[in-house]
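We're numbering straight along the sequence, starting at 1.
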Amino acid sequence: MRPASKLLTLFFLILMGTELTQIGVVLSTMAMITNWMSQTLPSLVGLNTTKLTAATGGTLDRSTGVLPTNPEESWQVYSSAQDSEGRCICTVVAPQQTMCSRDARTKQLRQLLEKVQNMSQSIEVLDRRTQRDLQYVEKMENQMRGLESKFKQVEESHKQHLARQFKAIKAKMEELRPLIPVLEEYKADAKLVLQFKEEVQNLTSVLNELQEEIGAYDYEELQNRVSNLEERLRACMQKLACGKLTGISDPITIKTSGSRFGSWMTDPLAPEGENKVWYMDSYHNNRFVREYKSMADFMNTDNFTSHRLPHPWSGTGQVVYNGSIYFNKYQSHIIIRFDLKTETILKTRSLDYAGYNNMYHYAWGGHSDIDLMVDENGLWAVYATNQNAGNIVISKLDPNTLQSLQTWNTSYPKRSAGEAFIICGTLYVTNGYSGGTKVHYAYQTNASTYEYIDIPFQNKYSHISMLDYNPKDRALYAWNNGHQILYNVTLFHVIRSDEL
């Protein structure tokens, strides 16, 4: 048998799917494997004794490495290392083998091979576990990245929310900024009121002294001062009569009578001391108007005078103004002025292009196509036309000739309006006539502009078919499901001291 030397090289490879420096667990595992190999491999091959005597008499010292006396008949074991790709290598050089299977070296080689195979299987199991742990680490890494992304999204969303809040606050400040000069004017108004108060106190004091000591003061001068103060106060009150609507009081039920629909009113230009009430039941096919001598009579008695109109009225938009009743003739766009004292027609005029006969009524219906109104500025008509696509049209009327003096086209659909009224040249529209009701649209004729507002008022009996403003009483008159109701209004106004 020719001697032959055989070189056995064993590669133990653990392939990692991620950088070792990033995952501490895998590093620790690799260090454990390397240490195990360096300490256990000599034991597996039978080289864990201090010295191993070969068949030829050579010795192997663990502390100094492999020093065989005859390389051809000795085992050579090289220490573990890593190649350029990071793999673990263990090299064993076997001596010449004989054909005798019972040779001690052959038996030792077989045992060595079995142990190496067992070691390989153990490393494979360890590799699988390491791969499984690595997959878990990668899964956790993805979850952490997902959480990081979500945190960034939350942070960006928070920044956007803060930006929106800041923008809203800034817009609110821009809305409040115009109130600063108004507040400054109120300061001046307060000083003016104090001056009035002081003048009244001075005059009162002077009058008291005059009662005690006659002739101590010039009566003519005193009378002039009183007259001047009275005129200034009257001018002040006239300015207070106009303003922007800011609130509506709770309803005051005056009486319960009539059908579900109707209208009632007083004359804002009635002579001093006269307080007649006018009452018109139903919205069509009626021509009888009741006249009560006073509000007390209307509330407590059935004493009234009946007036028969020459034509039936249409809707509930009638008004009494300066002794005449103004109403829309049934099934037409004709306006009639009827004198209640002489019971004669003073004027009739067609309202050009106005829809009628339930063409452009309020939301509750009732032939309410044309609504006549009165405010501090005079007589108005509110209606709709085809030319304005069924949206509300406002016309200022001459109370004597009924001629249209000026007209404004709004963009608010008349059929969507519950009711409407005018205060100081501004048209206010409600969003409905039943249930919860509020004033939510205002059109300023003096500036030809509009705005959406939110002024709630109590709809006590759930069906409003008439709502008109009386500038003398500064109150809203309403017909609510067979109840006659009053609402007080709150107006915002500014008194300019330089105009007094």
Side-chain angles (χ1 to χ4, degrees), residues 242 244-245 263 265 283-284 313-319 321 325-337 347-433 439-453 455 464-469 471 476-477:
C242 249
K244 181 179 180 180
L245 179 67
S263 61
M265 65 219 75
Y283 63 84
H284 74 298
W313 65 77
S314 184
T316 58
Q318 307 85 12
V319 294
Y321 187 63
I325 184 168
Y326 298 79
F327 66 96
N328 174 210
K329 181 182 177 182
Y330 183 56
Q331 292 185 334
S332 73
H333 52 50
I334 295 176
I335 305 300
I336 297 177
R337 178 191 176 193
K347 192 66 181 177
T348 63
R349 184 179 290 274
S350 296
L351 195 58
D352 293 338
Y353 307 112
Y356 64 93
N357 201 22
N358 259 348
M359 178 181 291
Y360 295 123
H361 54 74
Y362 286 131
W364 64 272
H367 293 260
S368 54
D369 302 81
I370 298 175
D371 193 1
L372 300 173
M373 306 177 184
V374 171
D375 74 343
E376 293 81 358
N377 299 324
L379 182 65
W380 303 81
V382 173
Y383 54 101
T385 64
N386 287 332
Q387 289 76 4
N388 197 34
N391 295 324
I392 289 178
V393 177
I394 307 170
S395 288
K396 182 74 168 59
L397 303 181
D398 185 310
N400 297 318
T401 65
L402 300 182
Q403 183 179 357
S404 178
L405 303 177
Q406 189 174 354
T407 297
W408 295 261
N409 292 326
T410 76
S411 58
Y412 195 94
K414 190 167 185 297
R415 288 188 176 183
S416 298
E419 266 291 343
F421 54 91
I422 286 183
I423 299 178
C424 298
T426 297
L427 177 72
Y428 295 95
V429 180
T430 69
N431 67 331
Y433 62 92
V439 179
H440 81 133
Y441 178 85
Y443 187 92
Q444 297 86 16
T445 59
N446 61 343
S448 297
T449 59
Y450 71 92
E451 63 178 332
Y452 286 93
I453 57 180
I455 303 176
I464 295 176
S465 59
M466 170 257 177
L467 188 64
D468 274 335
Y469 172 70
L476 293 175
Y477 285 63

Practice task
Classify the ring geometry between His367 and Tyr283 as parallel (under 30°), tilted (30 to 60°) or perpendicular (over 60°).
Solution key: parallel
Handout entry: Gly425 backbone acceptor or donor facing Asp375 side chain under 3.5 Å
Key = yes
Problem - Side chains of Asp468 and Leu372 in contact at under 4.5 Å (non-hydrogen atoms) - result: no
Practice task
Write down the atom of Thr316, the atom of Glu419, and the distance for their closest heavy-atom approach.
Solution key: OG1-OE2, 4.2 Å
Exercise for the section: Compare all side-chain heavy atoms of Leu476 with those of Leu467 and state whether any distance is below 4.5 angstrom. Expected result: yes
Exercise for the section: Indicate yes or no: at least one non-hydrogen side-chain atom of Met373 is less than 4.5 angstrom from one of Tyr469. Expected result: no
Practice task
List the atom of Pro413, the atom of Ser411, and the distance in Å for their closest heavy-atom pair.
Solution key: CD-O, 3.6 Å
Problem - Expected output: side-chain Glu376 to main-chain Cys424 donor-acceptor under 3.5 Å - result: yes
Handout entry: For the student: nearest non-hydrogen atoms of Ala417 and Ile392, plus distance
Key = CB-CD1, 4.4 Å
Fill in the blank from the handout: All heavy atoms of Ile336 vs all of Lys329, minimum pair found to be CD1-CB, 4.0 Å
Problem - Interatomic spacing from CD1 in Ile334 to CG in Leu351 - rounded to 0.5 Å - result: 10.5 Å
Exercise for the section: Determine which pairs satisfy side-chain hydrogen bond (donor to acceptor under 3.5 Å, both in side chains) with at least one residue from residues 383-394, sequence neighbours left out, and list them in order. Expected result: Tyr360-Asn386, Tyr383-Ser395
Exercise for the section: Report yes if the side chains of Tyr441 and Thr410 come closer than 4.5 Å at any heavy-atom pair, otherwise no. Expected result: yes
Exercise for the section: Could you tell me whether a side-chain N or O of Trp408 sits under 3.5 Å from a main-chain N or O of Ile394, the two making a donor and an acceptor? Expected result: no
Practice task
Kindly check if the number of other-residue, nucleotide or ligand heavy atoms within 6.0 Å of NZ (Lys396) is above 12?
Solution key: yes
Handout entry: Side-chain donor/acceptor of Asn328 to backbone N/O of Ile335, under 3.5 Å
Key = no
Exercise for the section: For the residue pair Thr426 and Leu245, establish whether any side-chain heavy-atom pair is separated by less than 4.5 Å. Expected result: no
Fill in the blank from the handout: The reported gap from OG in Ser368 to OH in Tyr433 (rounded to nearest 0.5 angstrom) is 10.5 Å
Practice task
Work out which heavy atom in Ala420 is nearest to a heavy atom in Asp371; give both atom names and the distance.
Solution key: O-OD2, 3.7 Å
Problem - Nearest-0.5 Å distance, NE2 of residue His361 to CG of residue Asp369 - result: 7.5 Å
Practice task
Please examine the side chains of Gln444 and Glu451, heavy atoms only from C-beta on, and report whether any two atoms are closer than 4.5 Å.
Solution key: yes
Practice task
To the nearest 0.5 angstrom, please state how far the OH atom of Tyr412 sits from the OH atom of Tyr443.
Solution key: 15.5 Å
Exercise for the section: Heavy atoms only: give me the nearest Met265-Gln318 pair and the separation to one decimal. Expected result: SD-O, 3.6 Å
Handout entry: side chain to side chain contact (heavy atoms under 4.5 Å, CB included) assessment of Thr445 paired with Trp380
Key = CA-CA 11 Å; Thr445 59; Trp380 303 81; 3.8 Å; yes
Handout entry: Asn400 side, atom CG; Lys347 side, atom NZ - distance, nearest 0.5 Å
Key = 10.0 Å
Practice task
Check whether any side-chain heavy atom of Arg415 sits under 4.5 Å from a side-chain heavy atom of Tyr362, and report yes or no.
Solution key: no
Exercise for the section: State whether the number of non-hydrogen atoms from other residues, nucleotides or ligands found under 6.0 Å of Tyr450 atom OH is greater than 12. Expected result: no
Practice task
Over 60° means perpendicular and under 30° means parallel, so classify the ring planes of Tyr356 and His333, tilted if in between.
Solution key: perpendicular
Handout entry: Partners meeting ring pair (Phe, Tyr, Trp, His ring centres under 6.0 Å) with Tyr428 (sequence neighbours left out)
Key = Phe421
Practice task
Can you measure from CG (Asn357) to CD1 (Ile370) and round to the nearest 0.5 angstrom?
Solution key: 11.0 Å
